[in-house]
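See structure below.
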Amino acid sequence: MSNIRTRFAPSPTGYIHVGNVRSALYPYFIARQSGGKFVLRIEDTDQNRFVEGAEDLIIDVLHWLGLDWDEGPDGTAERGGYGPYHQTARKEIYHRWAMKLVDKGLAYADPRPAEEIKALQDQAKAEHRLFLYRDHRPENPPIWDGTMPLRFKVTEPKDYHWHDEVMGDLSAGRDAVDDFIIIKSDGLPTYNFAHIVDDAEMKITHVIRGQEYISSMPKYLALYDALGLDYPIFAHLPHILAPEGNKKLGKRDGAKSVTEYRNDGYLPEAMVNFLACLGWNDGTEQEIFTMDELINKFSFAHVQKSGARFDEKRLLWLNGQWIKRLSLDDLHNRCRNFWGEHGQLAPVEQQKAVLSIVQERMKTLVDLPSLSEYFFARPTINWDIIATSKQLAKRDRNNLVELLRAAYSKLSTTDFTSEDVIQASLNELLEQTDEKPVIMFGIIRFALTWAKFSPGLPETMHLLGKDESLARLQAAIDSTN
RNA sequence: GGUCUCGUCGUCUAAAGGUUAGGACAUCAGGUUUUCAUCCUGACAAUUCGGGUUCGAUUCCCGGCGAGAUCACCA
């Protein structure tokens, strides 16, 4: 048990995309590796961007990924002693803290209309001049009554130096912090203020978030100082870049939601493994990590400083690796919603038998139907598919049918008791006909599956059974008449 | 534009002054007596540039170049 406390603090403004997930993962690892607590806090202070149902989506995704939290929203209730865990429910708390600043003369109500400020900013920009609000403070600010925004007052601008677990020692000049709004005119706090109050109240020890917050650090440091708070440990994570260009991965560049990957047949283990290793590695050549391994091995010391590109091909490979590692029962469970039309109706035992020979070829769960349907229902005969095989395409139809006849008569006297027996019989067939394997086995495979890809011939035939195998060969022969 | 940050194969990364600069994904070529998306083998491929410091720089320092982030009553 330690007093380490980390948090993931998303905004319910839409679906959670893969770029967001990593900033949940690392705090989770840090909390779990030390026996500390992982807190989920909903940052819903922006009423304009609030999206109905977004919170449920976030929770659903965290559950799916296997990230459990010790404190935070829990169904309709909340769990943990430092709640509430929705910022909109903490309004009084922010006001109480804001009053501390007002009382110290470190915050003032700002009566200036937003348009006027905008005009000042535009003017400064046009003149290539730095705009500092502190040069335009209202002369006699009114008493703050909650209807006007409340601004933090920078009394002594100074340089800031601080340490970041990922980025190292950082610094910023005195103009990096200016008077900024801490409570909006709607009475809710801005992120800048709210997260500091919350982190303090919730005793958060590690602030782990995206790199985009680095430039705001002086603001936060000024606020910690003004509020008399100790600094937590900071760790700013590099961005995850979109597959194309050098842009940060975001929704408008088509960043997919985690839910989308789940529907596309990706395993949460692969997702976690992939995202955790985007910008982090344990210093060895290991590529596959379980959640437990990540928890044990994760360290900021090995987090990359520069952005990492999201490479779907690597994700796909990793997913295939994870699928291969699944036990048959586990795989069967996860395939529940991925069977094809006929597969879903098949008895469990048959489904498992099919999975066992198809497992190593699956890269995602959505591959299942194309890899399995012909086991459950007789495939549609399609001679055109022969053209996809270089070797078979050279033979004429009659010749191929001849071969199928030979195969039929050989196999009808074969015992289908095991794959080995079938293999042996197929080998004899080869000798008797003096045909090349690529031709003979190729045409048999097509006659049985009419699919571009399938598992090995003996496995396929063994699973299909003698009657069905022969019936399919016969159907192929008959189809040419 | 100001401020801040970053810069190793196409991509993810290892090497925290001394290695033929390593691994993985992708790609390509072989192989596993049928296909193949599995598996095995192999090939291709990188230190942004210029100055220092040093016996020796991917590594430390300075400058250029390139890239990104941020400058909101968004988080």
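To find a chain, count down the sequence lines: A is the first, B the second, and so on, and within it residues start at 1. Here the structure is a predicted model, which is why all the values come from computation and not from measurement.
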List, with names and distances, any nitrogen or oxygen atoms from the protein found under 3.5 Å away from nitrogen or oxygen atoms belonging to nucleotides 73-75 of chain B.
residue	atom	partner	partner atom	Å
B:C73	O2	A:S185	N	2.6
B:C73	O2	A:S185	OG	2.8
B:C73	N3	A:S185	OG	3.0
B:C74	OP2	A:K184	NZ	3.4
B:C74	O2'	A:D46	OD2	2.9
B:C74	O2'	A:R49	NE	3.4
B:C74	O2'	A:R49	NH2	3.1
B:A75	OP1	A:T45	OG1	2.7
B:A75	OP1	A:K184	NZ	3.2
B:A75	OP2	A:Y191	N	3.0
B:A75	O3'	A:S11	OG	3.0
B:A75	O3'	A:E43	OE1	2.9
B:A75	O2'	A:S11	OG	3.3
B:A75	N3	A:Y213	OH	3.1

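For RNA chain B, the neighbouring residues in residues 308-321 of chain A, judged by any heavy atom under 4.0 Å, are A:A308, A:R309, A:D311, A:K313, A:R314, A:W317, A:Q321.
Nucleotides B:C49 and B:C65, compared at atom P, are 15 Å apart to the nearest Å. Across B:A14 and B:G23, the matching C1' atoms stand 7 Å from one another, rounded to whole Å.
Ion pairing between A:R395 and A:E435 holds under the 4.0 Å rule for side-chain N and carboxylate O. Between A:R151 and A:D179, none of the side-chain N atoms (NZ, or NE/NH1/NH2) sits under 4.0 Å from a carboxylate O, so this pair counts as no salt bridge. Between A:K219 and A:D178 there is no salt bridge, since none of the side-chain N atoms of the basic residue sits less than 4.0 Å from a carboxylate O of the acidic one.
Regarding A:K436, its NZ atom lies at a distance of 11 Å from the P atom of B:U35, rounded to whole Å. Computed from coordinates, the A:L241 CG to B:A69 C1' distance equals 11 Å when rounded to whole Å. For A:F453 and B:U35, the CZ to P distance is 12 Å, given to the nearest whole Å.
A:R129 meets the side-chain hydrogen bond (donor to acceptor under 3.5 Å, both in side chains) test with A:E127; sequence neighbours excluded.
The number of heavy-atom neighbours closer than 6.0 Å to CG of A:D434, taken from other residues, nucleotides and ligands shown, is 12 or below. By the neighbour-count criterion of 12 heavy atoms within 6.0 Å, atom CD of A:E92 is sparsely surrounded, having that number or fewer from other residues, nucleotides or ligands.
Ring geometry for A:Y15 against A:H17 counts as perpendicular: the plane angle is over 60°, on a 0 to 90° scale with 30° as the lower cut.
The side chain of A:P458 lies closest to B:U34 when the candidates are B:U34, B:A37, B:C6.
The only option from A:K324, A:R325, A:R334 that meets the salt bridge (Lys or Arg N to Asp or Glu O under 4.0 Å) definition with A:E269 turns out to be A:R334.
Between A:N281 and B:A14 there is a side-chain N or O to OP1 or OP2 distance below 4.0 Å.
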